[in-house]
Amino acid sequence: MTTTPPLATGAPPVAPGLVTPAPQRLIPRRSRDGAPSRLRALDGLRLLAALMVAAYHYGGRGGEIAGAWGGTPAHQFPTLAPLFAYGCLGVQIFFVISGFVICLSGWGRTLRAFVASRISRLYPAYWAAILLVTAVFALPFVAYKALAPSEVLTNLTMLQQPLGVHRVLGVCWTLWAEMRFYALFALCVVLPGATRGRVVLFCAGWTLAAALAQAAHQPLLDVVLMPEYAPFFIGGIGLYLLHRYGPRDPVAWAIVLVSWLIGQHFAVAGLWHAPSVHAFSYRSTAGIIAVVTLGFVLVGAVALGALRWADWRWLTVAGALTYPFYLVHEHLGWVVVRALHRGLGLPSAVTLVLTTVLMLLLAWVLYRCVERPLTPRLKRALDPRR
């Protein structure tokens, strides 16, 4: 569920065909300080995706959250739980948004600047969330066990998953996927210099390589090429090409279409199962495809300017809260749900709303006290020439 740098509204749509138009027509509109102007609607989509994931964690699955409720979420929310079960697809929507934003932010940057931007964006709030969740779980009245100190320290690297170490944050598996995407994009596009042709070649090459990796059944290829998630990142890149070069680019449309076709396949293959009384949730094939399609359509609407009217300033704040909210909402949500529902006896619906609001408030504190002061300092330390 990643996390994104400032976004840009594009130049008026142009028709590149197979020939790149004059460079001056391809530069996204900039603000007075030279930074890209924000696509506030995309900020709103990021928060929507995060809330989808939160709905899944609080009311659409089993596991630890069932212990916090004192029963399965299906009993707490008999009507909404089947819908909440689709919330896990917010991760795939995050990946589409990430493909769009990383292509935008990496265009024209040096490798050092790109790496500094990504590290400074990801790590400050992540470190704070790791330490906060560990501290809360270590409290004697909290029912959840903290990890051993060595495991916590390893988690600070964000490499715990490939190292086989238990995760402090359950959601951090998506950050591992994001890091691999950043590495591929940095090596193949940012390092040699982003051009339309190079980005198109990257999308085509990764799509084919991911399909071959799926057929080869080689764990190393799966780790590097991520066949089940690659279509969503690639689809986001294709949507950025439409944003940058205009809607008459057939190659960009082909990238988006192929990515959607492959992405829905992997989403269905990973999330669909036959109806079973033993499963904590059930999702229909049509429902899965519909949510994946909606994600592509909404990001596409932003890319093509259809949501330009949603230029409200509060959406910028919503985008800023998304990443810290995503990091802390699951594990600390267990603690809050247990305290409110089983401790204070609040109704399920009230507990759900209050828990979400409290996690958003905590995200605001992390943003103001951690991200705002530390992100620019870390970026300057990593790239003093900026």
Less than 4.5 Å apart, side chain to side chain, heavy atoms only: is that true for [X] and [Y]?
X	Y	value
Met359	Val336	yes
His341	Leu346	no
Pro227	Asp222	yes
Ile93	Met52	yes
Leu83	Phe77	no
Trp272	Arg283	no
Phe100	Leu104	yes
Leu352	Phe84	yes

Calculate, to the nearest 0.5 Å, the distance between atoms [atom1] and [atom2] belonging to [X] and [Y] respectively.
X	Y	atom1	atom2	result
Ile288	Gln92	CD1	CD	9.5 Å
Ile119	Met158	CD1	CE	9.5 Å
Phe325	Leu332	CZ	CG	11.0 Å
Ile97	Ile102	CD1	CD1	12.0 Å
His329	Leu51	NE2	CG	9.0 Å
Glu178	Cys172	CD	SG	12.5 Å

Looking only at non-hydrogen atoms, find the nearest pair between [X] and [Y] and report the distance.
X	Y	result
Ile237	Phe181	CD1-CE1, 4.0 Å
Ala363	Pro324	O-CG, 3.6 Å
Ser259	Ile234	OG-CG2, 3.4 Å
Ile65	Gly62	CG2-O, 3.5 Å
Ala81	Ala74	CB-CA, 3.8 Å
Ala213	Leu221	CB-CB, 3.8 Å

[Y] backbone acceptor or donor facing [X] side chain under 3.5 Å:
X	Y	value
Asp383	Arg112	no
Asn155	Ser150	no
Arg338	Gly343	no
Trp69	Gln76	no
Trp176	Leu159	no
Tyr86	Ser284	yes
Tyr323	Leu122	yes
Thr375	Arg372	no

In terms of hydrophobic clustering (I, L, V, M, F, W, Y; side-chain heavy atoms under 4.5 Å; direct or indirect links), are [X] and [Y] co-clustered?
X	Y	answer
Tyr367	Val171	no
Trp364	Leu48	no
Leu354	Val328	yes
Val115	Met179	yes
Phe95	Leu184	yes

For [X] and [Y], which I'm curious about, is there any donor-acceptor pair between the side chains at under 3.5 Å?
X	Y	value
Thr174	Tyr326	yes
Arg109	Ser117	yes
Ser98	Tyr229	no

**Prompt:** Could you walk me through whether Leu175 and Leu327 pass the side chain to side chain contact (heavy atoms under 4.5 Å, CB included) check?
**Reply:** CA-CA 10 Å; Leu175 303 183; Leu327 291 174; 3.9 Å; yes
**Request:** Look at the aromatic rings of Tyr240 and Trp107 and report parallel, tilted or perpendicular, splitting at 30° and 60°.
**Result:**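 Tyr240 and Trp107: tilted rings.
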**Prompt:** Do the rings of Phe202 and Phe185 sit parallel, tilted or perpendicular, given the 30° and 60° boundaries?
**Reply:**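 Plane angle over 60°, so perpendicular.
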So does [X] pair up with [Y], basic N to acidic O under 4.0 Å?
X	Y	answer
Arg121	Glu371	yes
Arg196	Asp249	yes
Arg46	Asp43	yes

**Message:** Among Thr134, Leu156, Leu131, exactly one meets side-chain contact (heavy atoms from CB on, under 4.5 Å) together with Val168. Which residue is that?
**Reply:**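 Passing option: Thr134.
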**Item:** side chain to side chain contact (heavy atoms under 4.5 Å, CB included) evaluation trace for Val91 with Trp173
**Value:** CA-CA 11 Å; Val91 170; Trp173 69 268; 3.8 Å; yes
**Item:** Residues which pass side-chain contact (heavy atoms from CB on, under 4.5 Å) with Leu374, listed by chain and number, not counting sequence neighbours
**Value:**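 Residues passing side-chain contact (heavy atoms from CB on, under 4.5 Å) with Leu374: Pro124, Val370.
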**Worked verdict on Val199 versus Cys103 for side chain to side chain contact (heavy atoms under 4.5 Å, CB included)** = CA-CA 8 Å; Val199 170; Cys103 192; 4.2 Å; yes
**Item:** Stepwise ring pair (Phe, Tyr, Trp, His ring centres under 6.0 Å) check, Trp334 with Tyr58
**Value:** CA-CA 8 Å; Trp334 300 344; Tyr58 294 158; 9.7 Å; no
**Request:** For atom CZ of Arg198, decide whether the heavy atoms of other residues, nucleotides or ligands shown that lie under 6.0 angstrom number more than 12.
**Result:**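 Yes, CZ of Arg198 has more than 12 neighbouring heavy atoms, counting only those of other groups under 6.0 Å.
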**Prompt:** Do Phe137 and His331 pass the ring pair (Phe, Tyr, Trp, His ring centres under 6.0 Å) test, and can you show the C-alpha distance, the side-chain angles, and the key distance before you say yes or no?
**Reply:** CA-CA 9 Å; Phe137 277 21; His331 286 46; 5.8 Å; yes
Only pairs under 3.5 Å count here: list side-chain donor-acceptor contacts from residues 290-298, not counting sequence neighbours, and write none if there are none.
from, atom 1, to, atom 2, distance (Å)
Thr293, OG1, Trp260, NE1, 2.9
Thr293, OG1, Ile289, O, 2.7

**Asked** Yes or no on side chain to side chain contact (heavy atoms under 4.5 Å, CB included) for Tyr144 and Glu64, after CA distance, side-chain angles and deciding distance?
**Response** CA-CA 9 Å; Tyr144 304 100; Glu64 297 286 359; 3.3 Å; yes
